[in-house]
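Here the structure comes first, spelled out in structure tokens, and everything after it is commentary.
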Amino acid sequence: MSASDQVVTRFAPSPTGHLHIGGARTALFCWAYARKRGGRFMIRIEDTDQARSSDESARGILDDLAWLGIEWDDGPSHAVTASDVAAGGGGRVIGASCRDVGSAWGPELAGGAGYFQARRLKIYNAYIEHLVRAGRAYPAFETAAELDALRKAATAAKQTFKYPRPADVVPGVFNETRWERALAGAEPHVIRFVVDGEDVVVRDEVLGEVKFAAGEVDDFVIRKADGFPTYHFAVVIDDELMGVTHVLRAQEHLNNTPRHVALQRALTRLAQDGRAGTPFRTPVYAHMPLIFNPDGAKMSKRDKAKSARKAAKEAIAKDPSLTPATLAGRAGLDAGLVAGFLASENDSLEVAAGLARLLGVSLPEIDVWDFRKSGYLPEAITNFIALLGWSPGMKESDGRDVEKFDTAFLAQHFDLSRIGRTNARFDRVKLLSFNADLLQSLSDERFLAAWSAWLAAFEPAVHARLASVGRAELLLLAAAIKQRCKVLRDSLGHIAMFLCADADLAYDRKAIEKFLLKAGEDGQRGVDHLRAVREVIAGLGAIDSGIGGELERAAAGRGVAMGAIAQPLRVAVSGGGVSPPIDLTLRILGKASTLARIDRCLGQC
RNA sequence: GGCCCCGUCGUCCAGCCUGGCCCAGGACGCGACCCUUUCAAGGUCGAGACACGGGUUCGAAUCCCGUCGGGGUCACCA
């Protein structure tokens with residue numbers, strides 16, 4: 001395969017926040033397709049929105065991608081962080097040997113810098129000037145307010161708004177007057193593209209042929225008043241210049257495609273007329289289905305606000321003494337902002353998070369970062385999202401569908417032809433099950449490693465406390481909680497009883513009544529068994545792997561089933577009726593702690 | 001509203017292109033039972049869908065048309 005027909009895919013995030021789970025799927029599919037075809041996968045940062053873009057966000061997105069194990073051949077260079085579980089730690093840089101996509105335009109575009117659109121203004125402007133001189137684009141001077149008024153009028157008249165091309169703009173004729181006026185610099189202006197009246201047929205690998213009639217698209221903006229290109233323009237220029245052959249993106253972009261094709265055609269004519277550049281190719285398009293919420297709307301950050309609002313309203317309904325103001329006070333938030341939030345006047349993420357913390361509810365995970373915080377494994381995420389809109393269509397030998405696989409499998413089997421057309425709801429319960437299965441399949445050692453890395457990143461205080469626990473005990477702990485966690489965050493609830501000081505352990509009165517004080521069918525009470533077992537344990541040198549046998553002998557000696565002594569013991573050392581298997585629990589606690597807790601419990605009986 | 005996309009169990013996915021092997025298969029969830037020192041985990045079994053209406057055909061989940069339903073998009077955001 002020559003370089004010219006090598007497949008090049010790209011993921012082009014806008015650095016305005018965290019990486020959305022839908023974006024992660026797009027990136028994953030782009031990556032998998034490039035790998036499958038032996039091509040290159042590229043990242044381009046679309047930071048042409050000056051107000052919303054940030055370097056911090058770009059770094060975060062790159063980091064999330066790396067964490068997922070999605071590595072790019074071309075794009076910004078990025079050091080892999082230590083918390084990057086999938087890639088196995090730090091010490092590497094992704095994108096260090098990327099292709100050159102801009103140094104011909106200036107040294108500032110050498111290396112990874114060429115993959116940031118905000119630095120490529122010189123390139124876009126050169127094309128824009130050629131387009132203007134060819135009569136395919138023109139400066140427009142309407143203000144945002146004027147356009148708004150036109151739009152409102154159209155809506156009021158029940159008509160679709162389309163930008164009316166000014167009478168002095170003639171397709172194919174350079175409007176020097178407007179250009180000079182723009183160059184003078186006194187008036188804010190945008191550059192609009194002259195959309196010709198041709199039908200566009202988009203050939204899509206997923207949807208087939210999609211026809212757009214001429215006249216559907218108006219003269220859209222290609223350069224904003226601040227001098228930055230719009231998405232439509234930058235994407236077309238860069239995809240061509242960067243040799244992108246396949247564009248995989250979400251279906252919400254389908255309606256943009258005719259604009260992009262129109263631009264490609266105009267730019268190609270420019271080249272053919274000998275004015276500038278080389279002909280623009282139309283990449284292969286593949287628009288994938290959207291990812292929905294459980295309630296059937298497009299999954300978005302707004303879901304967090306919705307969920308927090310609901311929780312707050314329920315809290316207020318339950319406790320009428322609560323008001324938006326008291327809620328705001330307790331959560332340390334601005335009262336006005338909270339009131340507005342509850343009235344659905346804003347969807348502040350800050351308010352949502354604050355309210356959630358205060359009320360002890362968890363917000364739905366939307367961004368990859370949210371899933372990281374909750375304690376999902378990257379392998380579970382990539383496996384699960386790959387199934388949202390794609391399937392390998394293979395059967396296991398036992399007749400079940402193949403649905404558990406890793407990214408290596410994707411790289412080997414991913415194909416455009418098996419991308420579905422129907423939107424998928426994001427089912428967190430199934431994701432949870434995928435993650436739980438993965439966690440359980442880990443050896444105790446590997447579980448401990450993943451768990452410890454997660455604690456270090458998200459629960460440093462707990463991680464620090466565990467630092468004083470011996471490796472053998474940690475491994476025992478890992479074994480005890482592994483099957484009980486669907487996500488790593490669940491571990492917190494399971495280890496609380498171990499982290500708690502013996503003197504601080506709280507006893508559940510009901511559990512004491514039920515398992516210690518109430519007499520069983522044989523007339524014996526748990527508390528009596530507990531006293532006997534206490535002496536057995538006190539007589540032991542230490543609690544080791546033989547403890548299970550000791551307890552069984554003790555039970556047999558008293559003529560009762562294991563449960564009759566395990567439950568009282570469990571209440572004594574954990575405070576309640578639920579804990580990991582009693583032998584493991586006692587081994588982790590150790591003899592001193594076990595006896596101390598039994599004695600405390602006996603004191604409460 | 002205009003334009004565009006979609007419509008198989010509650011949810012995700014297989015089957016659709018190349019009609020019969022489909023009174024539709026798998027997974028998650030749900031129910032029951034088994035295992036069991038609690039909670040989990042695990043095992044077995046079960047309930048559960050071709051949106052509707054017309055065609056075409058010997059035969060349709062699969063092909064065609066219509067209806068209804070859902071979604072996306074109509075920015076100097078991407």
Side-chain angles (χ1 to χ4, degrees), chain A residues 12-14 16 46-49 51-53 140 142-144 147-148 151 155 158-162 188-192 202 204 206-207 210-213 215-218 220-226 228 230-232 234-235 250-258 287 289-290 292 294 296-298 384 387-396 398-404 417 420-434 436 440 481-486 494 511 515 548 551-552 555 561-567 569-571 574 576-583 585:
Chain A
S14 167
T16 55
E46 309 223 325
D47 51 354
T48 54
D49 183 335
R52 297 198 302 150
S53 297
E142 293 84 0
T143 64
L147 290 173
D148 238 34
R151 257 183 221 109
T155 308
K158 289 188 189 280
Q159 297 203 310
T160 309
F161 173 78
K162 283 174 59 188
H189 65 278
V190 300
I191 303 292
R192 285 182 184 269
V202 175
D204 188 278
V206 174
L207 302 171
V210 184
K211 296 183 183 67
F212 295 90
E216 284 301 321
V217 181
D218 61 6
F220 56 93
V221 174
I222 56 177
R223 190 175 73 192
K224 299 176 271 186
D226 64 4
F228 281 65
T230 58
Y231 158 74
H232 301 298
V235 88
Q251 236 173 66
E252 63 200 28
H253 285 295
L254 184 60
N255 291 305
N256 292 151
T257 314
H287 288 95
L290 267 17
F292 282 171
K298 195 169 85 170
F384 183 73
L387 253 11
L388 260 26
W390 183 83
S391 82
M394 297 157 78
K395 295 251 184 233
E396 304 280 6
D398 63 3
R400 298 179 180 213
D401 292 347
V402 172
E403 66 168 12
K404 294 291 179 69
S417 67
R421 281 171 292 274
T422 58
N423 298 148
R425 293 185 196 213
F426 193 91
D427 182 1
R428 284 192 181 68
V429 178
K430 183 161 181 173
L431 203 216
L432 232 28
S433 151
F434 270 46
Q440 217 176 131
I481 65 174
K482 198 168 71 175
Q483 276 126 327
R484 291 166 177 76
C485 295
K486 287 185 188 295
H494 296 301
F515 296 113
L551 293 179
E552 266 165 29
M562 181 68 163
I565 68 164
Q567 274 313 91
L569 238 189
R570 197 183 311 279
V571 173
S574 78
V578 178
S579 86
I582 196 68
D583 51 341
T585 303

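So that the names make sense, note that chain A is the first sequence line, chain B the second, and so on, each numbered from 1. Heavy atoms only: backbone and side chains are in, while hydrogens, waters and symmetry mates are out.
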Separation of the [atom1] atoms in [N] and [M], to the nearest angstrom:
{"N": "B/U62", "M": "B/C21", "atom1": "P", "value": "13 Å"}
{"N": "B/G66", "M": "B/A47", "atom1": "P", "value": "39 Å"}
{"N": "B/C63", "M": "B/U56", "atom1": "C1'", "value": "8 Å"}
{"N": "B/U37", "M": "B/G25", "atom1": "P", "value": "38 Å"}
{"N": "B/G26", "M": "B/U8", "atom1": "C1'", "value": "13 Å"}
{"N": "B/G20", "M": "B/A61", "atom1": "C1'", "value": "13 Å"}
{"N": "B/C50", "M": "B/A24", "atom1": "P", "value": "10 Å"}
{"N": "B/C76", "M": "B/G71", "atom1": "P", "value": "26 Å"}

Calculate the interatomic distance between [X] atom [atom1] and [N] atom [atom2]; express it in whole Å.
{"X": "A/F220", "N": "B/C77", "atom1": "CZ", "atom2": "C1'", "value": "15 Å"}
{"X": "A/D583", "N": "B/C39", "atom1": "CG", "atom2": "P", "value": "16 Å"}
{"X": "A/E403", "N": "B/C13", "atom1": "CD", "atom2": "P", "value": "11 Å"}
{"X": "A/R484", "N": "B/U36", "atom1": "CZ", "atom2": "C1'", "value": "12 Å"}
{"X": "A/D401", "N": "B/A27", "atom1": "CG", "atom2": "P", "value": "8 Å"}
{"X": "A/F515", "N": "B/U38", "atom1": "CZ", "atom2": "C1'", "value": "7 Å"}
{"X": "A/H253", "N": "B/C77", "atom1": "NE2", "atom2": "C1'", "value": "10 Å"}
{"X": "A/F228", "N": "B/A75", "atom1": "CZ", "atom2": "C1'", "value": "18 Å"}

Both distances below 3.5 Å, Watson-Crick or wobble geometry, any strand: find the nucleotide opposite [N].
{"N": "B/C3", "answer": "B/G72"}
{"N": "B/U18", "answer": "none"}
{"N": "B/A27", "answer": "B/U11"}
{"N": "B/U57", "answer": "none"}
{"N": "B/C52", "answer": "B/G66"}
{"N": "B/C35", "answer": "none"}

Please determine whether a side-chain nitrogen or oxygen atom of [X] lies at a distance below 4.0 Å from atom OP1 or OP2 of [N].
{"X": "A/R400", "N": "B/A27", "result": "yes"}
{"X": "A/K486", "N": "B/A40", "result": "no"}
{"X": "A/K404", "N": "B/C28", "result": "no"}
{"X": "A/R428", "N": "B/C12", "result": "no"}
{"X": "A/K298", "N": "B/U73", "result": "yes"}
{"X": "A/R192", "N": "B/C76", "result": "yes"}
{"X": "A/T230", "N": "B/C76", "result": "no"}

Need one value for [X]: base, sugar-phosphate or nothing, where a base atom within 4.0 Å counts as base even if backbone is also close, heavy atoms only.
{"X": "A/G296", "answer": "sugar-phosphate"}
{"X": "A/R223", "answer": "nothing"}
{"X": "A/H287", "answer": "nothing"}
{"X": "A/A144", "answer": "base"}
{"X": "A/D218", "answer": "nothing"}
{"X": "A/S579", "answer": "base"}
{"X": "A/D226", "answer": "nothing"}
{"X": "A/P581", "answer": "base"}
{"X": "A/F292", "answer": "sugar-phosphate"}
{"X": "A/H232", "answer": "base"}
{"X": "A/P580", "answer": "base"}
{"X": "A/V190", "answer": "base"}
{"X": "A/T48", "answer": "sugar-phosphate"}
{"X": "A/T143", "answer": "base"}

Among the candidates [options], find the nucleotide nearest to the side-chain atoms of [X].
{"X": "A/Q483", "options": "B/C12, B/A41, B/G2", "answer": "B/A41"}
{"X": "A/Q440", "options": "B/A78, B/G42, B/C6", "answer": "B/G42"}
{"X": "A/R151", "options": "B/C3, B/C76, B/U8", "answer": "B/C76"}
{"X": "A/V210", "options": "B/C76, B/C13, B/C4", "answer": "B/C4"}
{"X": "A/L207", "options": "B/C5, B/U37, B/C76", "answer": "B/C5"}
{"X": "A/Y231", "options": "B/G72, B/A78, B/U37", "answer": "B/A78"}
{"X": "A/F212", "options": "B/C3, B/C13, B/G1", "answer": "B/C3"}

B/C5 base / A/R421 side chain donor-acceptor hit below 3.5 Å: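 By the distance-only test, no, there is no pair.
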Base B/G71 paired with A/N423 side chain (donor-acceptor, <3.5 Å):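 No, the side chain and the base share no sub-3.5 Å donor-acceptor pair.
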If only atom types and distance count, is the side chain of [X] paired as donor or acceptor with the main-chain N or O of [Y] below 3.5 Å?
{"X": "A/D398", "Y": "A/R400", "result": "yes"}
{"X": "A/K224", "Y": "A/T48", "result": "yes"}
{"X": "A/T257", "Y": "A/H253", "result": "yes"}

Residue whose nearest RNA chain B nucleotide is more 5′ - A/D427 or A/A566: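 Per heavy-atom nearest nucleotide, the more 5' residue is A/D427.
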Nearest-nucleotide comparison on RNA chain B, the residue closer to the 5′ end among A/G393 and A/K430: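 Between the two, 5'-proximity favours A/G393.
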Interatomic distance, A/T230 atom OG1 to A/E46 atom CD [nearest 0.5 angstrom]: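 Answer for the OG1-CD pair, A/T230 versus A/E46, is 10.5 Å.
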Distance in Å, A/K298 NZ paired with A/Q251 CD, rounded so as to fall on 0.5 Å steps: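 Answer for the NZ-CD pair, A/K298 versus A/Q251, is 11.5 Å.
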Are any of the side-chain heavy atoms of [X] and [Y] separated by less than 4.5 Å?
{"X": "A/L290", "Y": "A/E252", "value": "yes"}
{"X": "A/K430", "Y": "A/F384", "value": "yes"}
{"X": "A/S579", "Y": "A/H494", "value": "no"}

Crowding at CZ, A/R421 (>12 non-hydrogen neighbours, <6.0 Å):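 Incorrect, the count does not exceed 12.
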Nearest atoms (heavy-atom pairs only) where A/P258 meets A/L254: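 Shortest heavy-atom separation between A/P258 and A/L254 comes out as CD-O, 3.5 Å.
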